[in-house]
**Student:** 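Following this message is one structure expressed as structure tokens.
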Amino acid sequence: MYNPLENQEKIRRAGEIARKMGLELNPVKVHTPKDIPNALKSLANNADVLWGINDALVFNSLTARHILLFSFRNRIPFCGLSSAWVEAGALYALEYDFYDIGVQCGEKAVKIIRGAGVNSVPVSLPRKLLYTLNLKTARHMKIDIQEEHIRNAYKIFEE
């Protein structure tokens, strides 16, 4: 689910990437929060996973409970936006390693201090991703998560 005014291009690009991976993205446009129940209903029978993206209209504190209950009741895993969503019931979330982002910023600052032009220091993406798991949600949805993935999780919520 997404607000086209905020995320149309992101969803278009994600659809292209999904196709290259042999996956199908079934985006559902949401124009107002009142559209969310019908959007979820349309996904109930044709979604294997609900993907949460940064979208202020669709995924916020006012919609979270409804989306997470839908996910839990229909046993459709929700990929949350943060560890807070995972703690609340999402199956997992990917997050940046903000400590490492700080290290990257420091590395760039050192280059500039040593004389590199600001425009010569390239923009970089975060080097590390972390993930958080909710094992209670996994058990409820009968999803087996390999021990290695549990061991490597940044945070784990069990109960």
Side-chain angles (χ1 to χ4, degrees), residues 1-102 104 123-159:
M1 295 181 298
Y2 73 102
N3 172 7
L5 295 176
E6 186 177 348
N7 283 306
Q8 185 68 48
E9 182 58 21
K10 182 186 287 183
I11 294 299
R12 186 193 65 73
R13 287 191 324 261
E16 289 174 3
I17 293 167
R19 277 189 293 283
K20 289 177 185 175
M21 296 174 68
L23 301 172
E24 181 181 351
L25 191 66
N26 295 313
V28 177
K29 293 178 183 177
V30 173
H31 298 282
T32 72
K34 291 179 182 178
D35 296 338
I36 292 174
N38 285 334
L40 288 170
K41 210 178 285 182
S42 75
L43 292 168
N45 296 320
N46 68 351
D48 296 319
V49 174
L50 294 175
W51 175 41
I53 61 172
N54 288 323
D55 190 306
L57 176 78
V58 180
F59 301 104
N60 60 60
S61 61
L62 299 175
T63 63
R65 185 173 186 272
H66 191 75
I67 291 167
L68 289 168
L69 279 173
F70 171 85
S71 166
F72 207 70
R73 287 177 179 152
N74 290 278
R75 290 195 161 109
I76 299 173
F78 178 67
C79 304
L81 299 144
S82 67
S83 58
W85 279 85
V86 177
E87 185 174 17
L91 178 64
Y92 79 96
L94 296 174
E95 299 182 84
Y96 296 121
D97 182 333
F98 291 106
Y99 177 83
D100 191 58
I101 289 173
Q104 283 180 272
V123 173
S124 58
L125 297 173
R127 295 181 287 213
K128 292 184 181 179
L129 282 176
L130 305 172
Y131 60 93
T132 304
L133 297 172
N134 187 319
L135 297 182
K136 178 182 178 184
T137 298
R139 279 192 302 278
H140 172 76
M141 295 186 181
K142 296 180 173 49
I143 297 171
D144 292 323
I145 300 175
Q146 294 177 1
E147 190 60 40
E148 173 189 4
H149 298 310
I150 295 170
R151 237 186 354 265
N152 292 327
Y154 172 67
K155 278 186 188 172
I156 298 171
F157 295 101
E158 298 192 54
E159 292 299 326

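Basis for what follows: all heavy atoms, side chains included, without hydrogens, waters or symmetry-related copies.
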**Student:** Evaluate side chain to side chain contact (heavy atoms under 4.5 Å, CB included) for Q8 paired with Y2, printing each intermediate quantity in order.
**Tutor:** CA-CA 8 Å; Q8 185 68 48; Y2 73 102; 3.3 Å; yes
**Student:** Which residue pairs pass the salt bridge (Lys or Arg N to Asp or Glu O under 4.0 Å) test when at least one of the two sits in residues 134-150, sequence neighbours left out?
**Tutor:** R139-E159
**Student:** Could you tell me whether a side-chain N or O of N134 sits under 3.5 Å from a main-chain N or O of V86, the two making a donor and an acceptor?
**Tutor:** yes
**Student:** According to side chain to side chain contact (heavy atoms under 4.5 Å, CB included), who are the partners of L129, at least two apart in sequence or on a separate chain?
**Tutor:** Y96
**Student:** I need the full list of side chain to side chain donor-acceptor pair (under 3.5 Å) pairs touching residues 42-65, with sequence neighbours left out, sorted by first then second residue.
**Tutor:** N7-D55
**Student:** Tell me the side chain to side chain donor-acceptor pair (under 3.5 Å) pairs involving residues 14-41, sequence neighbours left out?
**Tutor:** R12-E16
**Student:** Do the side chain of S83 and the main chain of T132 share a donor and acceptor less than 3.5 angstrom apart?
**Tutor:** no
**Student:** Kindly give the heavy-atom pair with the smallest separation between V28 and A39, and that separation in Å.
**Tutor:** CG1-CB, 3.5 Å
**Student:** Side chain to side chain contact (heavy atoms under 4.5 Å, CB included) with L23: which residues, sequence neighbours excluded?
**Tutor:** A18, M21
**Student:** Show me the pairs that pass salt bridge (Lys or Arg N to Asp or Glu O under 4.0 Å) and involve residues 70-87, at least two apart or across chains.
**Tutor:** none
**Student:** Could you check whether any side-chain N or O of Q104 sits under 3.5 Å from a backbone N or O of S124, counting only pairs where one atom can act as donor and the other as acceptor?
**Tutor:** no
**Student:** With sequence neighbours left out, write down each residue that passes side chain to side chain contact (heavy atoms under 4.5 Å, CB included) with F72, or none if nothing qualifies.
**Tutor:** T137, H140
**Student:** What residues, two or more places apart in sequence or in another chain, satisfy side chain to side chain contact (heavy atoms under 4.5 Å, CB included) together with L40?
**Tutor:** M1, I36, L50, H66, I67, F70
**Student:** Name all residues meeting the side-chain hydrogen bond (donor to acceptor under 3.5 Å, both in side chains) criterion together with E6; count only those two or more places apart in sequence or in a different chain, and write none if there are none.
**Tutor:** none
**Student:** For Y92, give me all partners under side-chain hydrogen bond (donor to acceptor under 3.5 Å, both in side chains), at least two apart in sequence or on another chain.
**Tutor:** none
**Student:** If I compare all heavy atoms of P77 with all of L91, which pair ends up nearest, and what's the gap?
**Tutor:** CB-CD2, 3.7 Å
**Student:** Could I get the full list of ring-ring contact (aromatic ring centres under 6.0 Å, His included) partners for W85, not counting sequence neighbours?
**Tutor:** F78
